[in-house]
Structure formats: structure tokens, C-alpha cells
Undergrad: 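Okay, here's the structure, questions in a sec.
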Amino acid sequence: GEPNGCTAAGLAMILDPDVKDPVRGMALVVRGCDAGDKRACFAAGTAYLTGSAVARDDAAAIRYLVKACDRAHAEACSTLVEVHANHSDLASAVAFARRACQMGRSETCALLGLAYRSGRGVERNEAEGLRWIRESCRGHFRQACSLLVELDLALPVAADLQADLYKEACKGGVATA
């Protein structure tokens, strides 16, 4: 069948209280993933990660989330950052943060920048760290912009947003703003 059809039917069986058949539902979601549906891979990975619809299985979760990430599902890449960080595999967390950032997940750009600045999971490189934090700020992730304010660095965003960020920083007690 159609990958999207398998995914939709499977999710309905997992989530809809009137239909509730998680075993068949997961089988359809996995089938959708195997047929190339990145959303199905993400759903399967999330189900295994949380233990919803199936028993929790981190190895299976990672396997399906990687398939989704490889198919350009940015949220799956972001989820893998957290999974690998929780398993103390910081090098893998950094690799997935880079991929998620390149897919537009601004919060992971900030994490990547912090990793470079601290040398956690990657060789310490202040300039590279600031580059990724600026990228995060450009993507309007306010915490990254606030960090740049705290470091007294120029903000790579429009002037009206800069003004708002400086006001926020001053309210929060950042001395350099």
C-alpha cells in the first residue's frame, strides 16, 4: 500500500481510542517507514523511545529515528541529539545537532555552538562555537541571541529584533546590554 496510507491507518490504530489496536497500528507504521515515509519512521522511533504502543526499546528507537533523520526529518535529528546526550555519546549528539541545524532547527544550532565552546563531544573551538550560536540567533532562537548579548557581541538579526532582545536582556539583568 501507499506509505502515507499505512502511516495514517497505523497512527489511527495507535492513537484513536475508538480504534485502539497498537500492535497492528505499529506494524502499519513500520511498514510505512520501510516504504520510505519519514513521518512513519519518526512515529515508530518516538513510540519505541517513549514506550507508547510498544515496549520501550532504545536501540529500535534510534534505528527508526536515524532512518527519519536520514530522510531529512529535522525533528528526528533533534530527538537524536537528546537521545545520544542522555546516553553520554556526545560525539553522536554533536553530529545530529549539526544535521538538525542545517535543516533549520535553530535550537540545535545553539547546542552545537555550546558544544564547540565547551569542547564537549567535539574539539573546543570558540570561533566555531560563536558561528553556530549566531546561526541559531539568525533563526530567531532567542536564547542564542541572549547569549550573544551576554557576551557583548553583535546580533545577526534585524534592528527591531535587536532592540527587543536588548530590552529582554536588560530586564533579565544582563549587565552588558
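Everything numeric here is computed off the predicted structure, so don't read it as measured data.
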Undergrad: Over all heavy atoms of both residues, which pair between A144 and A110 is shortest? Give the atoms and the distance, please.
TA: CB-CB, 4.2 Å

Undergrad: Could you tell me whether a side-chain N or O of R105 sits under 3.5 Å from a main-chain N or O of S78, the two making a donor and an acceptor?
TA: no

Undergrad: Hey, is CD on E82 packed in by over 12 heavy atoms from elsewhere, all under 6.0 Å?
TA: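 Open: at most 12 neighbouring heavy atoms sit under 6.0 Å from CD of E82.
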
Undergrad: Can you tell me how far apart CG (L148) and CD (Q143) are? Round to the nearest 0.5 Å.
TA: 12.0 Å

Undergrad: Answer yes or no: is there a side-chain heavy-atom contact under 4.5 Å between T108 and L112?
TA: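 Answer no - side chains too far apart.
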
Undergrad: Any chain of hydrophobic side-chain contacts (each under 4.5 Å) joining L80 to F42?
TA: yes

Undergrad: Would you kindly confirm whether L114 and L130 end up in one hydrophobic cluster when ILVMFWY residues are joined by side chain heavy atoms under 4.5 Å apart?
TA: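 Yes: a chain of side-chain contacts under 4.5 Å links L114 to L130.
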
Undergrad: Does the side chain of L147 reach to within under 4.5 Å of the side chain of R117, using non-hydrogen atoms?
TA: yes

Undergrad: If every non-hydrogen atom of A115 is compared with every non-hydrogen atom of V94, which pair is closest and at what distance?
TA: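 In this case the closest contact between A115 and V94 is CB-CG2, 3.8 Å.
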
Undergrad: Please check if M26 and M13 belong to a single hydrophobic cluster, counting links between Ile, Leu, Val, Met, Phe, Trp and Tyr side chain heavy atoms closer than 4.5 Å.
TA: no

Undergrad: State whether K67 and D37 are salt-bridged, where the test is any N-O pair (Lys NZ or Arg NE/NH1/NH2 against Asp/Glu carboxylate O) under 4.0 Å.
TA: no

Undergrad: Under 3.5 Å, is there a donor-acceptor pair between the side chain of R71 and the main chain of C33?
TA: yes

Undergrad: Please answer whether the main-chain N or O of D89 pairs with a side-chain N or O of S92 as donor and acceptor at a distance below 3.5 Å.
TA: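 No; judged by distance alone, with no hydrogens or angles, the pair does not exist.
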
Undergrad: Check A44 against V30 and note the closest heavy-atom contact, atom names and distance.
TA: CB-CG2, 4.4 Å

Undergrad: Is there a side-chain contact between R98 and W132 in this structure, where contact means two heavy atoms from C-beta onward sitting under 4.5 Å apart?
TA: yes

Undergrad: How close do A43 and V29 get, counting heavy atoms only, and between which atoms?
TA: CB-CG1, 4.0 Å

Undergrad: Is the shortest heavy-atom distance from the side chain of H84 to the side chain of F96 under 4.5 Å?
TA: yes

Undergrad: Does any N or O in the side chain of K38 come within less than 3.5 Å of the main-chain N or O of C69, such that one atom is a donor and the other an acceptor?
TA: no

Undergrad: Hey, quick one: are V83 and V66 part of the same hydrophobic cluster, counting side-chain heavy atoms closer than 4.5 Å, chains of contacts allowed?
TA: yes

Undergrad: Would a single hydrophobic cluster contain both V81 and I62, if residues Ile, Leu, Val, Met, Phe, Trp and Tyr are joined by side-chain heavy-atom contacts under 4.5 Å?
TA: yes

Undergrad: Mind checking the SG-CG spacing from C77 to L65? Nearest 0.5 Å is all I need.
TA: 9.0 Å

Undergrad: Does a side-chain heavy-atom distance below 4.5 Å link Y116 with I133?
TA: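 When only atoms from C-beta onward are counted, I133 and Y116 do not touch, as no gap falls below 4.5 Å.
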
Undergrad: Within the supplied structure, the quantity of interest is the number of heavy atoms (other residues, nucleotides, ligands) at a distance under 6.0 Å from R124 CZ; does it exceed 12?
TA: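 Atom CZ in R124 is crowded, with more than 12 foreign heavy atoms closer than 6.0 Å.
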
Undergrad: Would you find a donor on one side and an acceptor on the other, under 3.5 Å apart, between the side chain of S136 and the backbone of C109?
TA: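 Absent.
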
Undergrad: Residues sharing M103's hydrophobic cluster, by side-chain heavy-atom contacts under 4.5 Å among ILVMFWY, directly or via others?
TA: none

Undergrad: Using modelled atom types and a 3.5 Å cut-off, is there a donor and acceptor pairing between side-chain atoms of S106 and backbone atoms of F141?
TA: no

Undergrad: May I have the step-by-step check of side-chain contact (heavy atoms from CB on, under 4.5 Å) for R56 and L49, ending in yes or no?
TA: CA-CA 6 Å; R56 184 179 169 108; L49 187 63; 4.2 Å; yes

Undergrad: Do the non-hydrogen side-chain atoms of D58 and H87 ever get within less than 4.5 Å of each other?
TA: yes

